[in-house]
Engineer: 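Handing you a structure now.
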Number of protein chains: 2
Amino acid sequence: MLALRESALHVLLATLAAGPFTGWRALPGGRVQAGETLDDAAARELTAHSGLANLHLEQLYTFGSPERDPRGHVVSVAYLGLTPPRAATDPGPAGKYTALEWHPVAALPRLAYDHGAVVGIAAARLQAKLRYTNLAHALLDDTFTLADLQSVYETVLGRTLDRRNFRKKILALGWLRPLDRKRRGPHRPASLYAFRDRSPREVDVLR
Amino acid sequence: MLALRESALHVLLATLAAGPFTGWRALPGGRVQAGETLDDAAARELTAHSGLANLHLEQLYTFGSPERDPRGHVVSVAYLGLTPPRAATDPGPAGKYTALEWHPVAALPRLAYDHGAVVGIAAARLQAKLRYTNLAHALLDDTFTLADLQSVYETVLGRTLDRRNFRKKILALGWLRPLDRKRRGPHRPASLYAFRDRSPREVDVLR
DNA sequence: CCAAAAGTGTTTGCTCTACACCCATGG
DNA sequence: CCATGGGTGTAGAGCAAACACTTTTGG
């Protein structure tokens, strides 16, 4: 589960209460139940642990090296989840974990199993898909300013973008619907926007 | 396993000798063995059935719908394999299959399980990666002409490309090493090329 | 000498990039 | 009125697309 908090990429980590890595941090997860789709299992596990629901979840990669779990040969199907800011608060302890907390990806503790590598692959996938899809919607609340949206791109891509060029390009894509509302604040109010459509769209680029 | 034969995308299909889909066509595969990586298992199965070895193999997607196999809940990790023309001959019957044959993807028979969908996802992945990686090397023999290479792109992308622009762009990438040999034929001989490096490279494009 | 594929440059339009100033609001 | 972030246009460069003729060989 990835989210942006204070302009930094964060990942939701669990503290393990049992097993060979007791006390270590790891990605939350669980087993597929009989008669259940992999997608369903990922959504069920996520909701059970964190209360988060209805978020973007997509299959990431399947890990099956025999030595990844000291207890035996386990195959794990990793999922990439994305959370908008309003849902990205620490859920606290739940079920089999003694804690569930957001950690900045740039400064992670050592993770149990091969989960450190999993986070790296997830971040790379997010960065790649942001370049050619409308996936940014999954990291934003329903309404947002263009500055918010630009911040998503800048944080994930790891560099700054020219504000005028960004606005031109992103508006030309036609993905956004301008709202009649403004976000008030200490300075000039910013126009609010929403995505017209959250279903996947591909494009030729935001470099 | 995908390959290009006579300028058409083909897939290697097995004819099942047992099970609920006896006589149907399906993608060749098998079970992971104890102590074995998923990648290793894919390579082992491929070699065992077809004698093909040392080819491009990458994880494609993991399928786990409970209803995909009538015998029970099976999770399959699908791999995308690519074969150069010289290896893409029908391997004939082997092991648990009564036949192993290349079929054009454009006119497939009905496949067992959900394998029809798997082939569709594989073709889409191939098309996407051809656009931004040097993956074409896996579909070509060691030496080839620029016309051969252009044909790979045209076949997989499904449209024709301007010969002059194609040559300019592909040579500008620096991926190719010109050889001192020519391919003789009924017409003007064509210069032969090889890939300098078959390790994965990404680029901004061949549209 | 004919058929067929190989080989090669230039022009045009478009897209991306770089860049600076005024505006609206809260405090 | 001041500080701060919001909002906007244009000019130049680089890239992609369109396009036709000559060359080389085998038969």
Side-chain angles (χ1 to χ4, degrees), chain A residues 4 6-7 85 130-133 136 140-141 143-155 157-194 201-207, chain B residues 4 6-7 85 127 130-134 136 140-141 143-155 157-194 201-207:
Chain A
L4 297 176
E6 296 142 27
S7 293
L130 213 56
R131 290 174 190 272
Y132 66 94
T133 71
L140 287 168
D141 294 322
T143 70
F144 50 86
T145 68
L146 290 182
D148 294 335
L149 180 57
Q150 182 171 350
S151 167
V152 170
Y153 278 92
E154 289 184 337
T155 303
L157 299 182
R159 64 198 170 86
T160 59
L161 301 170
D162 181 86
R163 186 155 36 104
R164 289 161 290 188
N165 294 337
F166 178 80
R167 299 164 88 94
K168 262 181 297 185
K169 275 197 281 189
I170 207 80
L171 291 175
L173 292 175
W175 288 347
L176 303 182
R177 185 164 44 95
L179 305 178
D180 279 340
R181 292 182 295 139
K182 307 243 172 214
R183 173 179 298 169
R184 316 288 305 206
H187 307 300
R188 176 170 175 178
S191 296
L192 288 171
Y193 290 81
R201 306 237 167 173
E202 305 210 351
V203 205
D204 262 338
V205 188
L206 261 182
R207 305 175 196 279
Chain B
L4 296 177
E6 295 143 27
S7 292
Q127 182 170 334
L130 212 56
R131 290 174 188 274
Y132 66 93
T133 70
N134 61 349
L140 287 168
D141 295 320
T143 69
F144 50 86
T145 67
L146 289 183
D148 294 337
L149 180 57
Q150 181 171 348
S151 167
V152 169
Y153 278 92
E154 290 185 336
T155 302
L157 299 182
R159 63 198 170 84
T160 59
L161 300 170
D162 181 86
R163 186 155 34 105
R164 288 161 291 189
N165 293 336
F166 179 80
R167 297 163 88 95
K168 261 181 296 185
K169 276 196 283 189
I170 209 78
L171 290 174
L173 291 174
W175 289 347
L176 302 183
R177 183 164 45 93
L179 304 179
D180 279 339
R181 291 182 294 138
K182 306 243 173 216
R183 174 179 298 170
R184 316 288 303 202
H187 308 298
R188 177 171 175 176
S191 296
L192 287 170
Y193 291 81
R201 306 239 164 170
E202 305 210 352
V203 204
D204 264 339
V205 186
L206 262 182
R207 303 177 196 276

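Order of the sequence lines fixes the chain letters, A, B, ..., with proteins taken first and strands second; residue numbering starts at 1 for each chain.
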Engineer: May I have the distance from B:Arg164 (atom CZ) to C:dT11 (atom P), rounded to whole angstrom?
Structural biologist: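 Answer to the nearest Å: 14 Å.
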Engineer: In residues 179-191 of chain A, which residues come under 4.0 Å of DNA chain C by heavy atom?
Structural biologist: A:Arg184, A:Gly185, A:Pro186, A:His187, A:Arg188, A:Pro189
Engineer: On DNA chain C, nearest-nucleotide positions of B:Thr145 versus B:Asp162: which is more 5'?
Structural biologist: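 That would be B:Thr145.
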Engineer: Are side-chain heavy atoms of A:Leu146 and A:Ser191 found at a separation under 4.5 Å?
Structural biologist: no
Engineer: Can a side-chain donor-acceptor contact be found between B:Ser151 and B:Asp148 if the only test is distance below 3.5 angstrom?
Structural biologist: no
Engineer: Decide yes or no for A:Phe144 and A:Val152: does some side-chain heavy atom of the first lie under 4.5 Å from some side-chain heavy atom of the second?
Structural biologist: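 The answer is no, as the side chains (C-beta and beyond) never meet within the 4.5 Å cut-off.
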Engineer: Over how many whole Å does the gap from A:Lys168 atom NZ to D:dA11 atom P extend?
Structural biologist: 12 Å
Engineer: Do you know the tightest heavy-atom contact between B:Arg183 and B:Thr143?
Structural biologist: NH2-O, 4.1 Å
Engineer: Any idea which of C:dA18, C:dA6, D:dC19 is nearest the B:Asn165 side chain?
Structural biologist: D:dC19
Engineer: Taking only the side-chain nitrogens and oxygens of B:Arg167, find out if one of them lies under 4.0 Å from OP1 or OP2 of C:dG7.
Structural biologist: yes
Engineer: Starting at CZ of A:Arg163 and ending at P of C:dC22, how long is that distance when rounded to a whole Å?
Structural biologist: 15 Å
Engineer: Please examine the side chains of A:Leu149 and A:Tyr193, heavy atoms only from C-beta on, and report whether any two atoms are closer than 4.5 Å.
Structural biologist: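 The answer is no, as the side chains (C-beta and beyond) never meet within the 4.5 Å cut-off.
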Engineer: May I ask you to verify if any side-chain N or O of A:Lys169 is less than 4.0 angstrom from the OP1 or OP2 atom of C:dT15?
Structural biologist: no
Engineer: Indicate the atoms forming the closest heavy-atom contact of A:Leu130 with A:Tyr153, along with that distance.
Structural biologist: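 Where A:Leu130 meets A:Tyr153 most closely, the heavy atoms are O-CE2, 3.3 Å.
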